[in-house]
Structure formats: structure tokens, C-alpha cells
Chemist: 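Once you've had a glance at the structure underneath, I'll fire off some questions.
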Number of protein chains: 2
Amino acid sequence: MRSSTKTAKTEKRPRGRPRAYEPETALRQAAEAFWKTGYSGTSLDDISAATGMNRPSLRAAFGDKHDIYVKALNDYWERKFELMHKAFASGGSLAETLMKVYDAALSIYFSGDDQVLGCFVVGTAITEAPGDPQIQKLAADGFRKLDADFEARFKLARSAGELNADADPKALALLASATMHSLAVRARSGSSKTELRKLAQKAVSVMCE
Amino acid sequence: MRSSTKTAKTEKRPRGRPRAYEPETALRQAAEAFWKTGYSGTSLDDISAATGMNRPSLRAAFGDKHDIYVKALNDYWERKFELMHKAFASGGSLAETLMKVYDAALSIYFSGDDQVLGCFVVGTAITEAPGDPQIQKLAADGFRKLDADFEARFKLARSAGELNADADPKALALLASATMHSLAVRARSGSSKTELRKLAQKAVSVMCE
DNA sequence: CTGTTTTTGTACTTGATCGCATAAAAAACT
DNA sequence: AGTTTTTTATGCGATCAAGTACAAAAACAG
């Protein structure tokens, strides 16, 4: 049974009492708690309940409340960009690609078990941003990265003849990002997924002429 | 001196000890506190400090924390729409009008004394929305109203020949609202006013062809 | 089986938050 | 001047939040 490599369960236990919870899933559960009620609206007891870990274990594993939140925020961006990059790289026309990106985002925004939670960043980080430079920077960096991804795709479309030669990739990218922000805000304010898909389609049809 | 009508200071005092603070300005100051740190991140003591009123007076004047917030939210929408309607009604070309609307919004988003606070709704109400139907509805209603205002303006532009006959006013209105949401989100995440004005101009130029 | 190591679980301390009860103050009415 | 009315101001008590100390548990090593 000595399987050696990989992260198998038989990986030679570290030494002391084994962890009762996987750090990765616990962080996701903590993120979901923040996602529902925001940074300030979520107590460590809430996170403790969401993860099943007690406070001392939380602290040992992730640090204090702020540390947990920042880790959750980084993890969220990572997962979201992974999904979106898959959509960007999936081939197809400009319009098809854009819709795939928005569908990827909507699949996250509507992934809550009981409630619709929209975008984690827009729904929770934006509130803290003015008073928390670290969170503000993490939010802004993600937005800029998405801007750049959209712009690259529009440039590609222009050189491929999918767009007029006089189209402005930067302007279109900002509109594409704006559409994403709008989906994020509206999902959290109660719009349905089908309504937002239609919104995205209308936006795409304008952007692709 | 018996001036009769109007809200003059000589309006015949109500009876008991006079109020030390004007309810209107106190509500604005309370709103600013919420605006900075969000609903959950703001305590009644914070509001007390911001208004100069003590907690019992706050409660007597506005109700509990939730009541204060809802009043502040309603007041915010009212002020914002007043400014925007002025922009909508100011005449000028479609592009000029849209830029006036965005400038009106930016003047609010950047009105903070020391910090940039963005949009009150996007920055604070959106966080609470999933768990608070009343706040969610207030946010959604405002968004829909803005959608309708934009759509009316695009329809007007189309019938005036400012837009192609095959332009879709609803689609353009959603993009115009999306641009507004993007300004709101980005202001709070650290973008400068000049950067956002440029963003708005690029968006306008695409929407007006 | 005994000791070591690491994590879990409980409980305590300190401080923040909220609502309310009660006293003091400021004005008009009589 | 005294009474009534309305607001301001102080302070108490209960609850919640966050951090931490300490004991119990669960594994391995010898």
C-alpha cells in the first residue's frame, strides 16, 4: 500500500492529531458565509458554524477574520478567472465567446444553494474597499485583468475582420467589463438568471454591431 | 414680523425643548457614515458621532438602525435622480446628454470629504440585498427607473434621427445603465475621476455610434 | 505501553453594541 | 413663578464578538 507520491490519503501522516476538515473546502465554506452577509456582517461564529471548525482551529489554519477574508477573495478571483479563461479560449465567434464568458460568470453568480449572491467582489469587497487598501487593490487588480482580457479578444476580432477596422478595442472592452459589473450588481438585487442572460445577449449584440 | 407661511425660523415653536439638530442634515450625516463603512460596518455610536446626536435622540428621530438606513437610502435615490433628471432635461445632443448624466453621477460618487465613496446603493445596499428584501427592492426599483430613463432618451434620439432606425433603445439603455454600474464599482475600488470620465466618454462614443 | 506532537474543544476575559430607563434641560403655556 | 411638554444627556444591563489560555483527544515513535 505504500503508494509514495501524490496527495493520497495514505501519504504518511504528519505526526499529531489529524485535521478534521480539509483546508480547501473549509475556506470555500467560509467564503460562502462572507458572500451571504458581507465582511462586516459575518462574525467568526458564523464562519465557525459554516465550516464546522471552532474558532481556535480557524485561527490556527487561516489567521484572523481579515486573513480569512483575503484568502477567500484571492481564491474567488482564481476560480472565476479559471472559468472565464476557459470561455475565452474555447474558440468560436466573438459574440459566441463573449456569451460564454458571461454564462461562466452567471454560473458563479447564481451558484448559491438557497440565495442568489451575485459576485463576491462586487457584493462584499467593494463595500470594504474605501477603508481597506489591501482589499481595494485586490478588487481593482481583478477588474483591470478582466479589462485586459476583453481588450485582447476585441483586438483579435478586429485583426480577424470580425470587427470594423475603426472599432476601438479599448472602448469595447470597457463596455464588456461594464456589462459584467452590471450582471454582478443586478444578480444581487434580485434579477433572474434568464433576465440577465437576455441582458448579456443584448449587450453582446450591440458590441458586435 | 408675522410672516405666516414658509418654514421660517419664526414659525411658532412646537412646545417643548427645541431640537438641537436639523433632521435633514442629521440624516445626511448618518448616510455619510453608512456610505463609508457599509450597513453592518457602521454602529449606532458611529452614527451618533457623525451626527452629534446621542443614541436616544437618534432613535426618537429616525427609529432603529435599519430605519435610519432605509431613510438614508430613499433620500439618496431622491437626490441622485433629481440631479440626473436635470441632466436628462438639459437639452443637447444624445452624446452630450449622456455625458451630463454621467458627470452628475460622478459628482456624487466623488463627493466624499476625504475618501472616494462611489455609489451609496452599489457600495452599501448591494451587500445587504440578498438577506434584506426591503433593501433589495429599493435597490432594484432605482435601477429599473434609471433603465427606463435611459430607454426613453434613446427612443427620443431614434425618432429624432440621432440614431439609426434599426437601433435597439432597450439594448442601449441596458448598456448605459451598465456603464453607470461600472462607474459606481470602479470609483469605490480606487479609480480616479478623470479616468472614469474617459471611460464614460468611450462608452458614450460606442453607444452613439 | 508510555511519551511526543498536533489538533480539537471548552471556557474565560475583554471590549463593543444595542436598547431602554431615568434624570436633566429648555422651551411654551397658565 | 409654577406646570407641562418635548428634547437632550447619562448610565445601566444584556447580548454579541474576538482573542486566547488550557485541557482533552488522536495520531505516531520508541
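Lettering of chains follows the sequences in order, A, B, ..., and the numbering in each one begins at 1.
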Chemist: Do A:Lys137 and A:Asp141 meet the salt-bridge criterion of a basic N to acidic O distance under 4.0 Å?
Modeler: yes
Chemist: Does A:Arg19 contact C:dT6 through a side-chain donor or acceptor facing the base, at a distance under 3.5 Å?
Modeler: no
Chemist: Pairing donors with acceptors under 3.5 angstrom, does anything connect the side chains of A:Thr124 and A:Tyr69?
Modeler: yes
Chemist: Take the protein atom CG of A:Asp46 and the nucleotide atom P of D:dC16, then report the distance between them rounded to whole Å.
Modeler: 11 Å
Chemist: Calculate the interatomic distance between B:Leu58 atom CG and D:dA9 atom P; express it in whole Å.
Modeler: 11 Å
Chemist: Start with the C-alpha distance between A:Ser57 and A:Asn54, add both sets of side-chain angles, then the distance that settles side-chain hydrogen bond (donor to acceptor under 3.5 Å, both in side chains), and finish with yes or no.
Modeler: CA-CA 6 Å; A:Ser57 295; A:Asn54 41 38; 2.8 Å; yes
Chemist: Please evaluate the base of D:dA27 for a donor-acceptor partner in the side chain of A:Arg15 within a cut-off of under 3.5 Å?
Modeler: no
Chemist: Rounded to the nearest angstrom, tell me the gap between atom NE2 in A:His66 and atom P in D:dA18.
Modeler: 13 Å
Chemist: Here's a test of your reading of the structure: between B:Gly16 and B:Lys65, which maps to the more 5' nucleotide of DNA chain C?
Modeler: B:Lys65
Chemist: Please state how far atom CE in B:Met53 lies from atom C1' in D:dT6, giving the value in whole angstrom units.
Modeler: 13 Å
Chemist: Would you please confirm or rule out a distance under 4.0 Å between OP1 or OP2 of C:dC20 and any side-chain N or O of B:Arg59?
Modeler: yes
Chemist: Would you indicate which nucleotide in D:dT8, D:dA17, C:dT8 comes nearest to any side-chain atom of A:Asp45?
Modeler: D:dA17
Chemist: Starting at CZ of A:Arg17 and ending at P of D:dA27, how long is that distance when rounded to a whole Å?
Modeler: 8 Å
Chemist: Less than 3.5 Å apart, any donor N or O on the side chain of A:Lys80 or A:Tyr109 sitting next to an acceptor on the other?
Modeler: yes
Chemist: Any idea which of C:dT17, D:dA26, C:dA24 is nearest the B:Ser43 side chain?
Modeler: C:dT17
Chemist: Within less than 4.0 Å of OP1 or OP2 of D:dA9, is there a side-chain N or O belonging to B:Asn54?
Modeler: yes
Chemist: Determine: side-chain N/O of A:Ser57 to OP1/OP2 of C:dT8, distance under 4.0 Å, yes or no.
Modeler: yes
Chemist: Of the listed nucleotides (C:dT8, C:dC20, D:dT20), which one gets closest to any side-chain atom of B:Pro56?
Modeler: C:dC20
Chemist: Is it the case that A:Asp46 and A:Ser43 place a side-chain donor and acceptor less than 3.5 Å from each other?
Modeler: yes
Chemist: In whole Å, I'd like the distance from the CD1 atom of B:Ile47 to the C1' atom of C:dA16.
Modeler: 15 Å
Chemist: Report the distance from atom CD1 of A:Ile68 to atom C1' of D:dA18, rounded to the nearest whole Å.
Modeler: 11 Å
Chemist: Is any side-chain N or O of A:Arg55 closer than 4.0 Å to OP1 or OP2 of D:dT20?
Modeler: no
